[in-house]
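Below: one structure, written as structure tokens.
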Amino acid sequence: MTKKLSLSSTSPMMQPSFLFGTATSSFQIEGDAEGRLECIWDVFCRQAGAIADKSDGLRACEHVERWEEDVNLIHSLGVDAYRLSISWPRVMHANGEINEQGLAFYKQLIDKLNSLNIKAFVTLYHWDLPQYLEQRGGWLNRQTAYEFENYVDKISAALGERVYSYATFNEPFCSAYLGYEIGVHAPGKTGREHGRTAAHHILLAHGLGMKMLKKNVPNAKNGIVLNFTPCYSASDSPADIAATEKSDQYINQWYMQPVMEGCYPDVIHELAEKDKPPIQDGDMETICQPLDFLGINFYTRLHYSAPRNHDELYFEHPHYEPKTDIGWEIHPPALTHLLTSLHQRYALPPVYITENGAAMADEVVDGRVEDNDRIEYYQNHLLAVEKAMDEGVKVSGYFAWSLMDNFEWAEGYEKRFGIVYVDFDTQSRILKDSAKAFKALLAQRT
């Protein structure tokens, strides 16, 4: 029996002001590699062992070619909003000027969304740094923050307020920590010094970008999207609890606290001098710009205990059961706790859940994808958001990740997060039962 998504008619999430949407990112779906410059993920995909299935993003979901079909599919779901990202190497030349052909693609896409009354939530950086900037040091080079400032200035001026919302960055943690500290994402660099330097320059770029957005598109909703993995202590021992606090500061608050309060968390004082971020005068004030919204991406939680050796801050445990197909624990109460704890800790702007979803081992049987496990995941996480709202957290919208199966970064095409199934050989799209469940839920709104 197919599961359904259900919220009461009195739920704050069923009110007209609450936005439901779905989300994608440029490199994961667009294809059309010949229509843009090379990015760091193109190069990373060519490294031996970097991608689980040895694939790349050259073709992906052929969204540049099939965008009209995809927009009609989005419209058919009855959503209020669509979150997409701009490919920096598609819209900018290496000399820092606009690539008008690349920009035209996004203009027609956004204009079509607007004509269907679907609000465009645009992310300006979702991990695909132009390779020519990486060759100059990438996010280890402070100048990249100013290149980003120029990019944001030109693109926001060109797209203007046809865009409902701009986010400067998606998940700085992933770009900095996964890409420059442990090397499992592009560009594959390693070392704490590199990770902390990249994080600081990304946060600086965010602040510079926010100033450009305030100048060019003051009536758009402008902010940043941060991912959070709530940290739980593996035991009640004081040592484990202390280590868990450090893990939260290093993984989550390292990005949140500078953006909200203009300072790094206390764990910075435990780092070796060479590993501390290269802060210059005025940087923290630049980073701490007023936000119109905060995007929160949530998938899972992790457990921590005291470090096992002297050069660690904490010990991270493997994910607990039950797990999704990508191996992440399913624990919806962590989303409620995350939202309420952030609400208590910070003076939050309006919050959007900009990503939430699950990779499941989907199969097409007689033309149908019966993904009850994903529907159950969504149902319980929607209720977790509703509970946080009942406790006073202002959540303004929820975006299911993702619209369609796509290139899942280092996992290649093996892990499917979509509510729409993509046959990567034929590029056909099939609404999974989860997509039908969202459509049915949204149709119930008054």
Side-chain angles (χ1 to χ4, degrees), residues 25-27 38-45 47 50 85 87-89 123-152 167-210 224-229 247-259 262-265 267-268 270-280 282-284 286-289 295 297 311 313 409-410:
S25 87
S26 51
F27 189 81
E38 204 167 51
C39 78
I40 55 174
W41 275 92
D42 294 309
V43 175
F44 189 67
C45 288
Q47 295 181 17
S85 74
S87 168
W88 185 347
T123 303
L124 290 158
Y125 186 83
H126 199 129
W127 308 359
D128 45 356
L129 185 72
Q131 178 62 20
Y132 67 83
L133 289 177
E134 180 59 34
Q135 290 168 349
R136 301 174 195 167
W139 290 114
L140 302 180
N141 180 358
R142 184 180 175 91
Q143 181 59 32
T144 301
Y146 298 98
E147 298 293 336
F148 180 78
E149 178 184 38
N150 173 64
Y151 157 60
V152 174
T168 52
F169 283 85
N170 178 77
E171 300 185 348
F173 164 85
C174 294
S175 294
Y177 183 76
L178 302 183
Y180 287 87
E181 190 159 333
I182 65 171
V184 296
H185 278 189
K189 300 279 198 300
T190 57
R192 180 172 283 166
E193 179 182 4
H194 289 153
R196 298 301 103 176
T197 295
H200 184 68
H201 290 154
I202 288 169
L203 290 170
L204 176 63
H206 155 72
L208 295 168
M210 283 297 296
I224 189 170
V225 172
L226 302 179
N227 60 304
F228 292 86
T229 302
S247 70
D248 181 56
Q249 290 185 21
Y250 196 78
I251 293 164
N252 296 314
Q253 309 311 323
W254 194 275
Y255 306 90
M256 181 68 169
Q257 198 167 333
V259 165
C263 61
Y264 284 107
V267 73
I268 191 174
E270 303 213 17
L271 304 187
E273 282 302 315
K274 70 177 182 64
D275 293 336
K276 292 179 180 178
I279 304 169
Q280 295 188 16
D283 283 3
M284 303 313 293
T286 297
I287 291 168
C288 185
Q289 296 296 311
N297 293 355
D311 61 345
L313 296 167
W409 307 114

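Because the structure is predicted, anything quoted here is derived from the model rather than measured. All heavy atoms count here, side chains included; hydrogens, waters and symmetry mates do not.
Partners of Tyr125 under the ring pair (Phe, Tyr, Trp, His ring centres under 6.0 Å) rule, at least two apart in sequence or in another chain, are Trp139, Phe169. Remark: Tyr255 pairs with no residue by the ring pair (Phe, Tyr, Trp, His ring centres under 6.0 Å) rule, at least two apart or across chains.
Ring planes of Trp41 and Phe44: perpendicular class, angle over 60° (limits at 30 and 60°). Below 30°, between 30° and 60°, or above 60°: for His185 and Trp409 the angle between ring planes is between 30° and 60°, a tilted geometry.
Thr286 places no side-chain N or O within 3.5 Å of a backbone atom of Leu208 that could act as its donor or acceptor partner. Under a 3.5 Å cut-off, the side chain of Trp127 and the backbone N or O of Asn170 do form a donor-acceptor pair. In this structure a side-chain-to-backbone donor-acceptor pair under 3.5 Å is missing from Asp275 to Arg192. Between the Thr144 side chain and the Gly138 main chain, a donor and an acceptor come within less than 3.5 Å of each other.
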* Asked: What do the steps show when you test Asp283 against Arg142 for side-chain contact (heavy atoms from CB on, under 4.5 Å), and what is the final call?
  -> CA-CA 11 Å; Asp283 283 3; Arg142 184 180 175 91; 2.8 Å; yes

* In sequence, state the C-alpha distance, the side-chain angles, and the governing distance for Tyr180 and Thr197, and then conclude on side-chain contact (heavy atoms from CB on, under 4.5 Å). => CA-CA 9 Å; Tyr180 287 87; Thr197 295; over 6 Å; no

* To do: Before giving the answer on side-chain contact (heavy atoms from CB on, under 4.5 Å), spell out for Arg196 and Tyr250 the whole-Å C-alpha distance, their side-chain angles and the decisive distance to 0.1 Å.
  => CA-CA 10 Å; Arg196 298 301 103 176; Tyr250 196 78; 3.3 Å; yes

* **side-chain contact (heavy atoms from CB on, under 4.5 Å) assessment of Phe173 paired with Asn252** => CA-CA 8 Å; Phe173 164 85; Asn252 296 314; over 6 Å; no

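Across Gly209 and Val152, no two heavy atoms sit closer than the pair O-CG1, 3.7 Å. Of all the heavy atoms in Ile202 and Pro172, the pair that sits closest is CG2-CB, 3.8 Å. Of all the heavy atoms in Ser26 and Ser85, the pair that sits closest is N-OG, 2.7 Å. Of all non-hydrogen atoms in Glu38 and Pro89, the two that sit nearest each other are O-CB, 4.1 Å.
Residues Trp88 and Phe148 place their aromatic rings such that the two centres sit under 6.0 Å apart.
A donor and an acceptor atom, one from each side chain of Asn297 and Glu171, are located under 3.5 Å apart.
With respect to Tyr264, the side chain to side chain donor-acceptor pair (under 3.5 Å) criterion is satisfied by exactly one of Gln249, His200, Lys276: His200.
We find the CD-CG distance between Gln135 and Leu129 to be 10.5 Å, quoted to the nearest 0.5 Å.
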